[in-house]
Amino acid sequence: MKIELTPELEEMRAQVRRFTERELEPLAGEIDATGEIPQKAWDLMRDAGYLGMRLPEEYGGASASLSAMCLVLEELSRSHRVFTGLIDATSGLTPSAFVRHGSLEQRERYVRKLATGEMRAAFALTEPGAGSDSAAISTSATRADGGWIINGRKHFISSGHLADVVMVMTVTDAQKRARGGITALLVERNTPGFSVTRVDTTIGSAAWKLAELTFENCFVPDSAVMGKVGEGFKIAMESLTDGRMAVACCCIGAADRLLEMATAHAQQRVTFGKPLAERQAIQWMLADTAVDIATARALAYETLRQIEAGKNIGSAASMCKLYSSEMIGRVTDRAIQIFGGQGLIRGFPIERFYRDVRHYRIGEGTSEVHRMLIARDLLQTRC
Ligand SMILES: Cc1cc2nc3c(=O)[nH]c(=O)nc-3n(C[C@H](O)[C@H](O)[C@H](O)COP(=O)(O)OP(=O)(O)OC[C@H]3O[C@@H](n4cnc5c(N)ncnc54)[C@H](O)[C@@H]3O)c2cc1C
């Protein structure tokens with residue numbers, strides 16, 4: 001079943017797919033071998049207009065809609081997850097907060113450079129003592145002459161080690177916390193008192209790194225406040241809605257590619273004198289995967305349509321993220337089963353997808369947190 005976006009977006013899909021297959025896919029092997037993202041990938045993405053695509057045209061972006069960005073992420077995810085990180089660092093949670101809440105000075109300072117990929121941004125909420133319970137953060141910012149002094153530690157921050165600017169969530173009023181006591185502060189690389197104290201890799205591609213960021217009496221001026229003092233939690237949650245839709249579409253793109261590969265393999269691989277594709281056990285796996293993808297796509301595209309129409313979507317972004325991230329787990333598992341031993345061999349894309357997609361059930365809110373949010377919404381609207 002083909003679930004389409006608008007004709008313009010479908011045309012864009014064809015362009016991104018061509019670009020990904022011809023230009024980016026050849027870099028996937030190098031990324032896996034070195035654990036690094038080559039500069040060439042940034043250059044190609046910049047020249048194609050995908051870096052900073054959500055940023056306003058007046059600042060060198062493409063003023064792209066959330067749907068357009070999600071479509072690009074879906075197509076990039078058919079190749080290698082790390083390509084989506086380049087969009088994250090230039091059009092993701094922090095860059096989109098600049099557009100919604102940034103002062104003129106902040107926009108002038110950062111947005112143009114983010115649009116060209118000259119600058120990269122990260123989003124720092126999670127701490128060793130506060131993950132799912134994000135309102136429990138303890139990184140503090142205390143008032144000082146003309147600014148704020150930050151102390152604390154963040155971890156698991158995507159691209160934190162290469163970011164030129166990080167939007168850091170800090171507690172500015174410990175009594176109010178999520179209700180007006182958390183403030184988003186912009187901290188630039190090389191600010192005294194700010195350091196990257198560890199870089200972690202996960203079971204996924206080594207090129208996707210998570211940084212630990214430490215703040216020791218780190219001073220930032222008043223102009224570093226994103227939005228207003230006390231609005232940080234609201235800004236973070238708003239950004240995360242976009243992030244959830246982005247994750248859902250990344251999962252859909254990866255699943256689509258796996259279905260394509262598994263189908264081709266089932267048609268070509270012969271066992272006991274017949275192609276696998278003629279065996280009912282295999283057909284059912286392919287059928288279940290097709291249903292999974294169609295369901296995830298229908299839910300995500302309809303939610304995107306409602307977001308673009310300015311509707312209140314309630315917990316629909318959580319539903320999209322939850323369903324898609326669990327769906328891709330089932331799909332990768334079936335793909336490995338269909339490929340047999342070959343599916344487990346290092347260097348063959350299937351095992352990389354299997355490792356890479358596991359984080360989708362944890363980052364941007366775990367499955368359990370999204371079930372909590374969906375249930376809360378359900379119970380509130382049915383009471
Ligand atoms: C690849 C990746 C990239 C990330 N990038 C960023 C980033 O850029 N910026 C950032 O700020 N953070 C980032 N994170 C952090 C991510 O947001 C957290 O890992 C996530 O919110 C979960 O927090 P935690 O790891 O501390 O797990 P915990 O909160 O300790 O949870 C552990 C387990 O307990 C479950 N659990 C927790 N509370 C409940 C409850 N009340 N009921 C039932 N179950 C519960 C959780 O669902 C989970 O299964 C990233 C994480 C990953 C994996």
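Counting convention: from 1, in listed order, for ligands and their atoms alike. Scope of the values below: all heavy atoms of this structure, side chains included, with no hydrogens, waters or symmetry mates.
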Discussion item. Is it the case that the side chain of K209 and the backbone of H161 share a donor-acceptor pair, with hydrogens and angles ignored and the cut-off at 3.5 Å?
Written reply: no

Item to complete: For atom 30 (O) of ligand 1, decide whether some protein heavy-atom distance is shorter than 4.0 Å.
Response: no

Worksheet item: Judged by modelled atom types alone, do D32 and H80 share a side-chain donor-acceptor pair under 3.5 Å?
Response: yes

Worksheet entry | Test: E351 and R355 ion pair at under 4.0 Å | yes

Worksheet item: What protein heavy atom sits nearest atom 9 (N) of ligand 1, and how far away is it?
Response: F123 O, 2.8 Å

Worksheet, complete the sentence: Out of G131, G365, S134, G85, the nearest non-hydrogen contact to atom 23 (O) of ligand 1 is supplied by G131

Worksheet item: Going by distance only, is there an N or O of H359 that falls short of 3.5 Å from an N or O of ligand 1?
Response: no

Worksheet item: Heavy atoms, side chains only, cut-off 4.5 Å: are I150 and T139 in contact?
Response: yes

Item to complete: Give the residue, atom name and distance (to 0.1 Å) of the protein heavy atom nearest atom 20 (C) of ligand 1.
Response: I362 O, 3.6 Å

Item to complete: May I ask which of A211, S158, A130 has a heavy atom nearer to atom 3 (C) of ligand 1 than the others do?
Response: S158

Worksheet item: Using heavy atoms and a threshold below 4.0 Å, how should the contact between R81 and ligand 1 be classified: side chain, backbone, both, or neither?
Response: side chain

Worksheet entry | Non-hydrogen side-chain atoms of V72 and M12 separated by less than 4.5 Å | yes

Worksheet item: Just to confirm, does any protein heavy atom lie below 4.0 Å from atom 33 (C) of ligand 1?
Response: no

Worksheet entry | Which residue and heavy atom of the protein sit nearest atom 2 (C) of ligand 1, plus the separation | L210 CD2, 3.8 Å

Practice prompt. Could you grab the distance from atom NZ of K154 to atom CZ of F215, nearest 0.5 Å is fine?
Written response: 7.5 Å

Fill in: Atoms of ligand 1, numbered as shown, that sit under 4.0 Å from any heavy atom of E368
44 (N), 46 (C), 47 (O), 49 (O)

Fill in: Quiz item: cation-pi between R330 and Y323, 6.0 Å / 45°
yes

Worksheet item: Salt bridge between E74 and R297, side-chain N to carboxylate O under 4.0 Å?
Response: yes

Worksheet item: So which heavy atom in the protein is nearest atom 38 (N) of ligand 1, and how far is it from that ligand atom?
Response: S132 CB, 4.1 Å

Worksheet item: Among protein heavy atoms, which sits nearest to atom 4 (C) of ligand 1, and what does the distance come to when rounded to 0.1 Å?
Response: F156 O, 3.3 Å

Discussion item. Quick check on contacts: which atoms of ligand 1 are under 4.0 angstrom from a heavy atom of I157?
Written reply: 7 (C), 8 (O), 9 (N), 10 (C), 11 (O)

Response to the item:
To atom 46 (C) of ligand 1, the nearest of V369, T366, I137 on a heavy-atom basis is T366

Item to complete: Looking only at protein heavy atoms, identify the closest one to atom 39 (C) of ligand 1 and say how far it is in Å.
Response: M372 SD, 4.7 Å

Worksheet entry | Protein residue, atom and distance nearest to atom 51 (C) of ligand 1, heavy-atom basis | G363 CA, 4.0 Å

Response to the item:
If you scan protein heavy atoms around atom 10 (C) of ligand 1, the nearest is T126 OG1, 3.3 Å

Item to complete: Indicate whether atom 6 (C) of ligand 1 is within a distance of less than 4.0 angstrom of some protein heavy atom.
Response: yes

Discussion item. Any carboxylate oxygen within less than 4.0 angstrom of a Lys/Arg side-chain nitrogen, looking at R371 and E368?
Written reply: no

Item to complete: To the nearest 0.5 Å, tell me how far E260 CD sits from H265 NE2.
Response: 15.0 Å

Discussion item. Closer than 4.0 angstrom, basic N to acidic O: yes or no for R120 and D164?
Written reply: no

